[in-house]
Amino acid sequence: MKHTKHYWRAGFLLVGGLIGFIFVRHFLVPTSFGQFGFYRGTNLAEQQAKSVVHGGKESCSTCHEDVAKNHAAGSHAVVQCENCHAALSKHINKDGEFVELMPIDRSPQLCLRCHRSLPSRPTGFPQIETKEHLGLDEPELQAGACLACHNSHRPSLEKKKVKYENNG
Amino acid sequence: MKIMDNVSRREFLKDGCKLASACMILNVLPIKIPNAFASDEASATQAGLEAKDGYNWGNHYYAYLIDTRKCIGCGMCVQACSRENNVPDGFFRTWVERYEISERGEVFVDSPHGGINGFEATNPGFNATKAFFVPKMCNHCEHTPCIQVCPVGASYATKEGMVLVDSERCVGCGYCVQACPYGSRFINPITHTADKCTWCYHRITKGLKPACVQACPTGARKFGDLKDEHDEVRKILASERIGILQAEKLTKPKCYYIGLDKEVR
């Protein structure tokens, strides 16, 4: 046979190429790739293992029971503590140890995030024009301008009065 | 087989045609190639996805419901998402858009810093007769274009129906960013890989709600499990009139909306 040599050569090249491909592939493709689909299976566990940052008001109430009780009785009960303060992980770490004090933002801009009168807000939602409400434009408002009358944890004026009376 | 030294053109074409027809017939035959990617129960348990801490990914199929009529545009969801997922400044996994529309059909849309600091009064330059907020995020589409275009298998869908990105696999080519019709993806400037909403996969697998849902004070954002027959979202989807974004793209999004307007895309 005149071509036998050529066939052997081609055969060796093919087999060698295949072995090379499998060898290189072994190092390039992660072992868990294809475990569940066309992706790295272990990534699911990695995504799950990310630490939780926000604890929700239930975790706050484990230590701040009095504030939580007062907060739960008012119209701000639906607002998470962490919305106005900061994420729990800033205050308490994963092992339950104290990290730093929660920030307290007294600026009227924080209140106005929700209560600034805007046409795009649902009409039934309580909104104010600062000019009408306090006689001042927004930039003129001092820190604590809203908190002078409203307790941010329980903003209804009547309730605040009752609370102060109870406290003597 | 005898290897011929001289094959006439006629013979060669004849044999070629035979081979082509044989291949065609074989292709039509109902031969199934065994699926190499079939889920293996044992390995799933090993990976912590089934029966560990009571969480079994096969028992869930999630959906997200946004009631735009309840959204007050406070942006607390955007803030919570940013903190929970360590999203770099100026990039957003979820954001809130404001629409102001006049009787004559003029439309003004804005989303200052994704709404992370809330919204201030604005002047659209016309008399807006209709105005509302629309929170947006990854729709975790059932037929998602972003996974189709990923060349390295970094974007994938889980059994629970969420679309995730493996930042270790991702080469940052940005095909998926272009493929997403909702603009939900971005290239993270720190990791240089594709980034997007995960519906807080690290929270929901621990039985918590996504950070944005937890932060929403008005209940405009709801997260539900369609495999749970007592689920609130499942009941609302079954009884209310629901809209989705860009239905014409046939991506089958799993973020459902109440109170959408024709101007919202």
Side-chain angles (χ1 to χ4, degrees), chain A residues 1-4 7 29-30 32-59 75-80 82-84 86-90 109-127 129 138, chain B residues 3 5 36-37 39-40 43-44 47-49 55 57 69-76 79-80 83-86 98-100 117-122 128 131-133 147 150 153-159 164 166-169 198 200-203 205-206 208-209 211 214-219:
Chain A
M1 281 277 283
K2 162 173 147 193
H3 291 304
T4 320
Y7 295 134
V29 180
S32 73
F33 199 91
Q35 191 183 2
F36 308 115
F38 193 69
Y39 58 93
R40 208 164 52 89
T42 44
N43 184 241
L44 287 159
E46 286 166 23
Q47 299 255 10
Q48 287 184 10
K50 270 179 64 185
S51 50
V52 172
V53 173
H54 289 80
K57 57 187 178 205
E58 293 74 20
S59 30
S75 52
H76 271 180
V78 289
V79 182
Q80 289 287 339
E82 289 159 300
N83 282 3
C84 300
L88 180 71
S89 65
K90 201 176 174 174
Q109 275 68 36
L110 179 62
C111 308
L112 290 168
R113 264 180 93 134
C114 295
H115 298 291
R116 181 185 290 127
S117 177
L118 292 176
S120 30
R121 291 211 159 112
T123 40
F125 189 76
Q127 302 162 54
E129 291 281 0
E138 214 184 298
Chain B
I3 293 157
D5 289 337
F37 296 141
S39 170
D40 177 6
S43 55
L49 296 163
Y55 185 79
W57 69 338
R69 300 168 309 180
K70 287 185 185 165
C71 180
I72 59 167
C74 62
M76 290 301 181
Q79 179 185 273
R83 289 173 179 170
E84 182 74 38
N85 298 296
N86 203 10
R98 165 167 60 187
Y99 287 75
E100 298 204 359
N117 300 315
F119 289 81
E120 289 182 4
T122 183
F132 51 87
F133 292 107
I147 295 178
C150 182
S155 278
Y156 61 95
T158 70
K159 232 181 185 177
L164 299 178
D166 179 352
S167 57
E168 212 172 281
R169 285 292 294 166
T198 62
C200 282
Y201 194 66
H202 62 294
R203 291 176 63 90
T205 48
K206 295 180 182 89
L208 301 166
K209 281 180 178 161
Q214 185 174 280
C216 182
T218 62

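Atoms considered below: every heavy atom in the structure, side chains included; atoms not considered: hydrogens, waters and symmetry mates. Order of the sequence lines sets the chain letters (A, B, ...), proteins ahead of strands, with each chain counted from 1. Because the structure is predicted, anything quoted here is derived from the model rather than measured.
Looking only at side-chain heavy atoms (C-beta outward), V52(A) and E84(B) come within less than 4.5 Å of each other. Two residues are said to be in side-chain contact when any heavy atoms from C-beta on lie closer than 4.5 Å; L118(A) and R98(B) meet this criterion. Side-chain atoms of K50(A) and N85(B), non-hydrogen and from C-beta on, do get closer than 4.5 Å to each other. Side-chain contact between L44(A) and Y201(B) is present, with heavy atoms from C-beta onward closer than 4.5 Å.
Heavy-atom distances place no part of T122(B) under 4.5 Å from chain A, backbone and side chain included. For S51(A), the part lying near chain B is the backbone, with the side chain staying farther off; criterion is any non-hydrogen pair under 4.5 Å. Neither the backbone nor the side chain of A154(B) comes within contact range of chain A, judged by heavy atoms closer than 4.5 Å. For C200(B), no part sits under 4.5 Å from any heavy atom of chain A, backbone or side chain.
Across S120(A) and F133(B), no two heavy atoms sit closer than the pair OG-CZ, 3.3 Å. Between C114(A) and C74(B) the shortest heavy-atom distance is SG-CB, 3.4 Å.
Classification of the W57(B)-F36(A) ring pair by plane angle, with boundaries at 30° and 60°, yields perpendicular.
The distance from the NZ atom of K90(A) to the CZ atom of R83(B) is 7.0 Å, given to the nearest 0.5 Å. Of the inter-residue distances, the one linking K57(A) atom NZ with Q214(B) atom CD reads 9.0 Å to the nearest 0.5 angstrom. Going from atom OG1 of T123(A) over to atom CZ of R69(B) covers 12.0 Å, rounded to the nearest 0.5 Å. Remark: Y39(A) OH to I147(B) CD1 distance equals 9.5 Å, nearest 0.5 Å. In this structure, the separation between NE2 on H115(A) and CD1 on I72(B) is 6.5 Å, given to the nearest 0.5 Å.
Comparing R113(A), R121(A), Q80(A) by how many heavy-atom pairs each has under 4.5 Å with chain B, the most go to R113(A). Contact count against chain A (heavy-atom pairs under 4.5 Å) is highest for A215(B) among A215(B), A211(B), A128(B). Taking N86(B), T218(B), L164(B), T158(B) one by one and counting their heavy-atom pairs under 4.5 Å with chain A, the maximum is reached by L164(B).
At least one donor-acceptor pair under 3.5 Å links the side chain of Q79(B) to the backbone N or O of N83(A). For the pair R116(A) (side chain) and A121(B) (backbone), a donor-acceptor distance under 3.5 Å is absent. No donor-acceptor pair closer than 3.5 Å links the side chain of K70(B) to the backbone N or O of P122(A).
When the side-chain contact (heavy atoms from CB on, under 4.5 Å) test is applied to E46(A), the partners found at least two apart in sequence or on another chain are R40(A), T42(A), N43(A), E168(B).
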